[in-house]
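Data block below; observations after.
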Protein chains: 2
Amino acid sequence: MTQLAKKSKGTPVVEAVTSADKTFITLRTDIVEGRILAGAKLSEAELSTKYGVSRAVIREAISRLMACHLVERKANVGARVVTLSPEGLIELYQVRESLEGMAARLAAQNMTSEQITDLQSLLDVHAQGVKDSQSYYQEAGDVDFHYRIIIGSHNSQLITLLTEGIYHLVRMYRVQLGMAGPRVTTAFAEHQHIAQAIANRDAELAEILMRRHITYSRQNIEHKLKP
Amino acid sequence: MTQLAKKSKGTPVVEAVTSADKTFITLRTDIVEGRILAGAKLSEAELSTKYGVSRAVIREAISRLMACHLVERKANVGARVVTLSPEGLIELYQVRESLEGMAARLAAQNMTSEQITDLQSLLDVHAQGVKDSQSYYQEAGDVDFHYRIIIGSHNSQLITLLTEGIYHLVRMYRVQLGMAGPRVTTAFAEHQHIAQAIANRDAELAEILMRRHITYSRQNIEHKLKP
DNA sequence: AACCTAAGAATTGTCGACAACTTATGACTT
DNA sequence: AAGTCATAAGTTGTCGACAATTCTTAGGTT
């Protein structure tokens with residue numbers, strides 16, 4: 001009886017979690033946070049003994065990592081963590097600029113007023129963090145801000161694309177290439193302007209500001225990479 | 001010896017093809033072209049006997065279909081072809097508008113002059129097809145036009161996202177929702193303008209025209225869906 | 001020494017069987 | 001009759017073994 005959490009009769013409280021799920025999550029965080037390096041080989045036998053599960057489970061987990069574009073696999077050769085190039089990170093930011101720009105536009109149109117007030121109160125909390133310069137929480141806060149706008153777009157295709165795919169990739173690139181978190185202080189002001197545009201339901205402006213915000217981040221990265 | 005095609009010594013001419021590869025491709029075309037209907041269950045045992053392979057192969061193929069967002073799977077329940085809603089198709093077109101708009105902009109900057117002349121000669125061929133109104137080839141031609149611009153963006157993240165993911169989804173939605181191919185005659189003129197902007201290396205205009213082009217397609221679909 | 005060849009080792013792909021879970025069936029209670 | 005519960009049947013998840021392929025290494029040839 002591994003499935004404990006059920007309502008008395010009807011639907012389960014949480015989705016069923018297989019050991020492949022857990023292995024996938026574990027591997028994903030290990031890759032994203034750099035404990036498994038870029039280009040590293042994912043040996044099925046090795047991982048199998050390490051996590052105490054069969055190779056089938058490992059293969060399942062690797063399949064999902066491939067779906068996230070975090071690893072690549074060649075037939076009869078094996079799976080490797082994707083190798084990172086500075087150009088690849090730039091390309092990713094171009095995609096982000098486009099998609100998150102649209103997310104901001106749709107968010108201005110589709111966010112509920114409750115979601116908007118939540119977004120603004122989130123920024124109030126961040127304002128305090130900026131003063132105290134708690135860089136760790138600012139990294140998480142940045143993710144959180146963008147995440148809420150993505151969700152606020154109410155476009156499920158877009159949400160899936162960004163939250164299940166691109167975001168993990170961006171985080172991995174940042175860690176692997178030794179980038180610190182986002183530009184803290186300046187970025188915060190940009191966040192405020194974006195939130196204001198959304199609150200005003202100004203879709204065009206929200207898109208422009210978000211694109212510019214991400215463009216700045218990209219340029220910031222380009223500058224660090226090619227001094 | 002299933003791997004025939006090798007050079008005398010070095011790298012194989014074609015990538016190795018596993019039976020999971022073939023099963024995946026077969027299932028994908030069956031789904032995209034509507035031979036397996038939306039919402040249909042993909043029973044592992046059934047497919048296993050149908051294609052004469054083990055369940056492991058079927059599971060591998062289904063994993064890749066999930067990566068394309070063509071099927072969804074719940075743990076201990078099974079995989080189903082994604083169910084289609086008109087809203088979902090609209091959402092997809094919003095994503096396309098954003099991504100292909102960027103593709104056009106990048107193509108104007110990055111396409112080689114050879115790629116550009118190829119693109120223009122493709123349109124010359126299409127011009128003939130429009131006269132003869134060969135609707136089948138125009139469907140393929142539309143795909144081909146967009147495909148070349150995507151490739152011309154030279155952004156590998158974007159290329160993967162569109163060609164391995166979104167395009168198959170769009171085709172499936174179109175078939176399932178009984179949409180005919182794209183708006184033939186008017187769309188052709190739009191293609192010509194986009195190609196011209198790219199040839200002129202006018203990135204901004206190329207993006208605007210492409211976004212407008214896809215917006216028109218979306219509105220065309222919205223009109224057909226809600227009369 | 002460099003290069004090709006062939007056997008051996010190691011890894012991935014595929015298979016069939018069993019375990020765990022979900023759904024369907026039917027008896028039992030109120 | 002409706003609902004609950006237990007059992008049965010069917011499906012998916014996991015496992016270990018074998019087959020097919022790739023990589024390694026030792027040997028021989030020029």
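Here is how names work: the chains are called A, B, and so on, in the same order as the sequence lines, proteins then strands, and each is numbered from 1.
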*Picking from A/V81, A/V71, A/V82, what satisfies side chain to side chain contact (heavy atoms under 4.5 Å, CB included) with A/L65?*
A/V71
*asked:* Can you confirm whether more than 12 heavy atoms, excluding those of B/R211, are under 6.0 Å from its CZ atom?
replied: yes
*Can you tell me the distance, in whole Å, between the CG atom of B/N76 and the P atom of C/dA20?*
12 Å
*For this output row, return yes or no: ring centroids of A/H168 and A/H69 closer than 6.0 angstrom.*
no
*Please determine if a side-chain N or O atom of B/S19 lies less than 4.0 Å away from the OP1 or OP2 oxygen of C/dT14.*
yes
*Roughly how many Å is it from CD in A/E44 to P in C/dT14, rounded to a whole number?*
11 Å
*Taking atom NZ of B/K22 as the centre, report whether more than 12 heavy atoms of other residues, nucleotides or ligands fall under 6.0 Å from it.*
no
*D/dG13 C1' sits how many Å from A/F24 CZ, rounded?*
17 Å
*Can you tell me the distance, in whole Å, between the CZ atom of B/R80 and the C1' atom of C/dT22?*
13 Å
*Hey, which of these two, B/S43 or A/V77, hits DNA chain D nearer its 5' end, going by closest nucleotide?*
B/S43
*Between C/dG13 (P) and B/K22 (NZ): distance, integer Å*: 14 Å
*asked:* If we count only N and O atoms by modelled type, under 3.5 Å, do the side chains of B/S121 and B/D118 hold a donor and an acceptor together?
replied: no
*Measuring from B/Q115:CD to B/L122:CG, what's the distance to the nearest 0.5 Å?*
12.5 Å
_Sub-4.0 Å heavy-atom contacts from residues 45-60 of chain B onto DNA chain D, ordered by number_ = B/R55, B/R59
*Are any of A/K41's side-chain N or O atoms less than 4.0 Å away from OP1 or OP2 of C/dT12?*
yes
*Kindly say if B/K74 contacts the phosphate of D/dT11, meaning a side-chain N or O under 4.0 Å from OP1 or OP2.*
no
